[in-house]
Amino acid sequence: MIEPYQPEPGQEFPYRYTARLAGHLELGWQRAWKDAQAYRVANPGQAGFDSARPKFYCLDMFPYPSGAGLHVGHPEGYTATDIISRYKRMCGFNVLHPMGWDAFGLPAEQYAIQTGVHPAITTRAAIDNFRRQLQRFGFSYDWSREFGTIDEAYYRWTQWIFLRIYSAWYDDRAGRARPIAELVDMLEQGERRAEDDAASGGVAWKAMDAKQKRAFLDSKRLAYLGEQTVNWCPKLGTALANEEVIDGRSERGGYPVFRKPLKQWMFRITAYAERLLADLALVDWPESTRTMQAEWIGRSEGAEIDFPFVDGHFSPGQGTKLGVAGRSEAPSHASQAPLASLRVFTTRPDTIFGATFMVVAPEHRLVEHVLREKPKGMTDEAHARLREYVAAARNRSDVERQESKDKSGAALGIDVINPATGKRIPVWTADYVLIGYGHGAIMAVPAHDERDFAFAQANGLAIRDVVYPRHLAAMAFFAREAKPEQRVAERWAADLADFVGLVTSDNVAPGAFAEALETTRARRAAEGGGTAIPVDLRERGGSDATPGSVGERRGSTRIVWLDAIDDMKLHTFSDVENLFGNGGFQTHQGEAYAGQGYAVNSASAELSIDGMATEDAKQAVIRWLESSGKGKRVVNYRLRDWLFSRQRYWGEPFPLVFDSEGNHHAVSESALPVRLPELADYQPIESEDPKPLLAKATSWSRTTAAEAGVAPTPGLPALAPDAPVTRELNTMPGWAGSCWYYLRYCDPENRERFIGAEAERYWLGERGVDLYVGGAEHAVLHLLYARFWHKVLFDLGEVSSREPFAKLFHQGLITSMAFQRSDKSLVAIDEVDERPGEINADGTGAYVERATGQVVTQVIAKMSKSLKNVINPDDVIADFGADTFRLYEMAMGPLEASKPWNTRDIAGCFRFLQRLWRNLVDENTGLARVVEGQADDTTRRLLHRTIKGVRQDIESLGFNTAISKLIEFNNHLSKLEAVPSEVARMLIPLLSPFVPHLAEELWIRVFGPGGPFVAHMSYPEHREDVLVEAQIELPVQVQGKVRGRIVVPAAATPADVEAAALSDERVREWLAGKAVAKVIVIPKRMVNVVVKDA
RNA sequence: GGCCCCGUGGCGAAAUGGCAGACGCAGCGGACUUAAAAUCCGCUUCUCGGAAACGGGAGUGUGGGUUCGAGUCCCACCGGGGCCACCA
């Protein structure tokens, strides 16, 4: 039981709602909820489970428990989900609202390096502190489901899921992942032919020896050991995933990242690229996040084209460490095969006639080959230059690469044949071509690509125009069709005259162009006229969407109508103006033209696309490539396979071992978890040739097949029990644990499975988590990775939803105040004095820097230690209590908006709760001030309107407006002599999701103890009939301005309302001497009287 | 550089295309008080007229457009923020 509150002696209002009283009652109710397990929710099949209730799974992004404790950003999202959870619970849902700890990761390990304290110890301490802080907020988590990703009982299942992914392959025909055992079966049965697969090197399954079979299967796995160029961070001593590199620096710590060929565990996430993209349509997520993911996946359509070498084949030979970063292809036989041609990806196959040279990435294996064997005809000097360039490029960090986008490079001394023109073109290498995208090689079309243009200029390479720009085509059309001397403003006439000259000059193939125009116009005519484009060439601002006649006048705007050529997107004067640029129109002379247009200079004996529009030209080239075997249509993705291994300590060990021949083997399920061994020290092994930290744990890593519990690979001979094996020494990245924690909450105690099937079906269902709230900083990283794991688990039949998170919401960043000097430098808040009396007319002068007396202005800044503007939640709770804290963070503004913390504003929320308390409780005696009885009609109507509005606002996560409505209602109550019990009975539960402690306390003070928790009551529902008003007041506008008000029966017909409006005295004054053109009546809204033009 | 989002009082912010500024902070005036704090009541976009009641005009970054009616929809520009950034 709660100890009764003991007021401090001598206080004027001993039972006023003060921070002390709030703190007392909050701790009391938290204890009462805990003792009663008020927020525990049962699973299907467990005692207390109510199958009649619908479910609601409301999830927070679990925190990384840092030593610094909670900051004010955490409770923002957590309060929002708590309000929703409490609301849904009171609406009769079984609510799953859990909390846990994302506890593996770099910061704890970095701290351990400094202090020598084991990360487990510091992490456990941080978790205890976080838990204490969160519980102080009164969040309604089911703490019985709490776990950390570092718990062995948890990470054994993280390892288990890894093994499921490792033991699966992606069946392109079926479009889903399947167990690799099924692949083996199909190969054995002859349902699939290994020799059809590039990874087999053309060898049939039956013809393979055990080693070949193993290599083939390993190359098909969804988790594979890939040797490729990765992001290597020497400072952190680990490789990083693509997503963890931001602006060439590590996401954690901001250290420079280099590219390095390394053998690492990769996840074949690229196999899911299309589904990860398409299924974004299934989820209710912020548009910005869906866009970010879509852009990260980066789908582009184009063609793969082979450019044959002039001097025949190149064999890369043995011993190279440089693999081609083939996406989704494990480098195996493929990278060793001789090269007959240079393969590129392009999104602009229509520009192939303009490809005047090739560029490959410095990491491309062709470069390695040339460095080893100088091509015929290449001078020693050129060879040395190449060697120098490649060495320099390798030593450049990604930051350096990005800082100078200079177009340096070196020739390889090799030529290829442009298959379209049949001409020899040289191959160069330059680091503006990225090894990780496409094939790490491009056909360079300098006339129509800015980067290629810059490179060609810097290195004196040929430039050939093959696209006639669309805007010039448009101008030609105007010149010919629109009779400029009549219809075009004078300032354009000279430009157009020049332009007409240009189209007839030799360099732009006028015949082909004219033909293209004719084709387009003929097609448009055949399609029934086409789109007319209105252009106002005389006055600014002309715009209209409906066709009219030439030279029509509409209002003050003169419109000139012209038939359009295809898809020019000219809608306004400004669009046309932009075509010309500012000082006359631009041509593609002097810069690359990367836009669309019409093909020119693009004909050979085999293929001619002259005059075709870009889209048509692309298709024509692809058709020709495919029919002649020189290339094919492909879809390419920016997304790369996910680098999953880290050379660090504080992470999940891989459940894998290597035999003496270097083959990897899975650890069987029964041998899980593979425990993280103790280490004597956590100092990274600094080296250019990276070694994982676990290499220090030699007695752990060296073991036997039997001891490690090695599982046999389907279709292959098992290892002997006493065979010596070495454990995988890498650990999993911090993302591993967060990829599936939302699943474990559903069934955290399960020892048999990672999640019980029944619990999974009940809590996740077909749409997954109902509401997921967390920061936008995870828009690609965690949210993409978790989707990938979920989809694999879905394919393997382990979960029933395609997507893990049905609805996602990002809470905004909470910022803080700081002060800015006139030179824009920032001043810490404790170095500034406020002078309220000295405000200037322009609002400045209120704040002065103490040291200098300089006037400073208040600005919004991120919270940072140096600005002394970090807010500690513990302090705020001590000053105002948790309910006020919760209320303030929700009242600050829209949940999704970034908002500045303003300590002064908290008092407003605190005063609201004080007034609320005072309306229901006598401040002197602590006894209820509520009178038994009914409310008056006005109060009742307001109550029900408030209930309706608050419910709607909660549903749409509009907590700030919900709180405003509650304040308004409370302000109304303040005017009453006493609050009727009818009101209190509904108001208190209505408040409960926002200020749960206060609601409980008010209830027992008003209605007495002994009943259920308010948190378990039904959420109030409004009655529509109460809201109906007999009379309503409507504003009456004349010409859109409010000129009067009328009171009419709510049921009045529009005709009645019109009559009332026109007979209103004020309205009649405004209408005096004017003829009414029409009257617009919007029922229950307003009336607008439109007067005829004078 | 590309894409996206946002510009409303002194401040945080409200407003299904329909009375702009709800609610809160700060400020001003009043009540209570010996006084202050606390509390309560009132005022508070700018501007013009008026002693006042009240009335007129302007007003949601700027310029245009659509509409009976625009903070809201469309176009362009300016400013701020976010994401991506040599992705062929």
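Letters go in sequence order (proteins before strands), and every chain restarts at 1.
- At the heavy-atom level, A:V433 lies under 4.0 Å from base atoms of the strands shown.
- Residue A:S300 has a polar side-chain atom (N or O) positioned under 4.0 Å from OP1 or OP2 of B:A88.
- Taking 3.5 Å as the limit, the base of B:C19 and the side chain of A:R1045 contain a donor-acceptor pair of atoms between them.
- Listed pair A:R915 / B:A38 fails the phosphate criterion, with no side-chain N or O lying under 4.0 Å from OP1 or OP2.
- Within 3.5 Å, no donor on the side chain of A:S964 pairs with an acceptor on the base of B:A14, nor the reverse.
- A:N1088 has no side-chain polar atom (N or O) that falls below the 4.0 Å cut-off from OP1 or OP2 of B:C19.
- At B:C25, one or more side-chain N or O atoms of A:R911 fall inside 4.0 Å of OP1 or OP2 (strictly under the cut-off).
- Using a 4.0 Å heavy-atom cutoff across all strands shown, A:W1070 reaches sugar-phosphate atoms only and no base atom.
- Not a single donor-acceptor contact under 3.5 angstrom links the side-chain atoms of A:K965 to the base of B:C23.
- A:R1066 and A:D1064 are not joined by a salt bridge, as no carboxylate oxygen comes within less than 4.0 angstrom of a charged side-chain nitrogen.
- A:N960 has a side-chain polar atom (N or O) that falls below the 4.0 Å cut-off from OP1 or OP2 of B:A14.
- Salt bridge status for A:K899 with A:E76: present, with a side-chain N to carboxylate O gap under 4.0 Å.
- Evaluation of atom-type donor-acceptor distances gives no pair under 3.5 Å for the side chain of A:D905 against the base of B:C25.
- Here the OG1 atom belonging to A:T961 is positioned 10.0 Å from the CD atom belonging to A:Q952, to the nearest 0.5 angstrom.
- Between A:H448 atom NE2 and B:A88 atom P there is a gap of 17 Å when expressed in whole angstrom units.
- For B:U16, the base has a donor-acceptor partner in the side chain of A:R1085 [N/O atoms by modelled type, under 3.5 angstrom].
- A:W285 places its CH2 atom 20 Å from the P atom of B:C4, with the value rounded to the nearest Å.
- Using a 4.0 Å cut-off between charged side-chain N and carboxylate O, A:D306 and A:R343 make a salt bridge.
- A:F969 places none of its side-chain heavy atoms less than 4.5 Å from the side chain of A:R945.
- A:M1086 comes within 4.0 angstrom of a base, heavy atoms only.
- Atoms CZ (A:R918) and P (B:U39) sit 7 Å apart, rounded to a whole Å.
- B:G30 shows a glycosidic angle more than 90° from 0 and is accordingly assigned anti.
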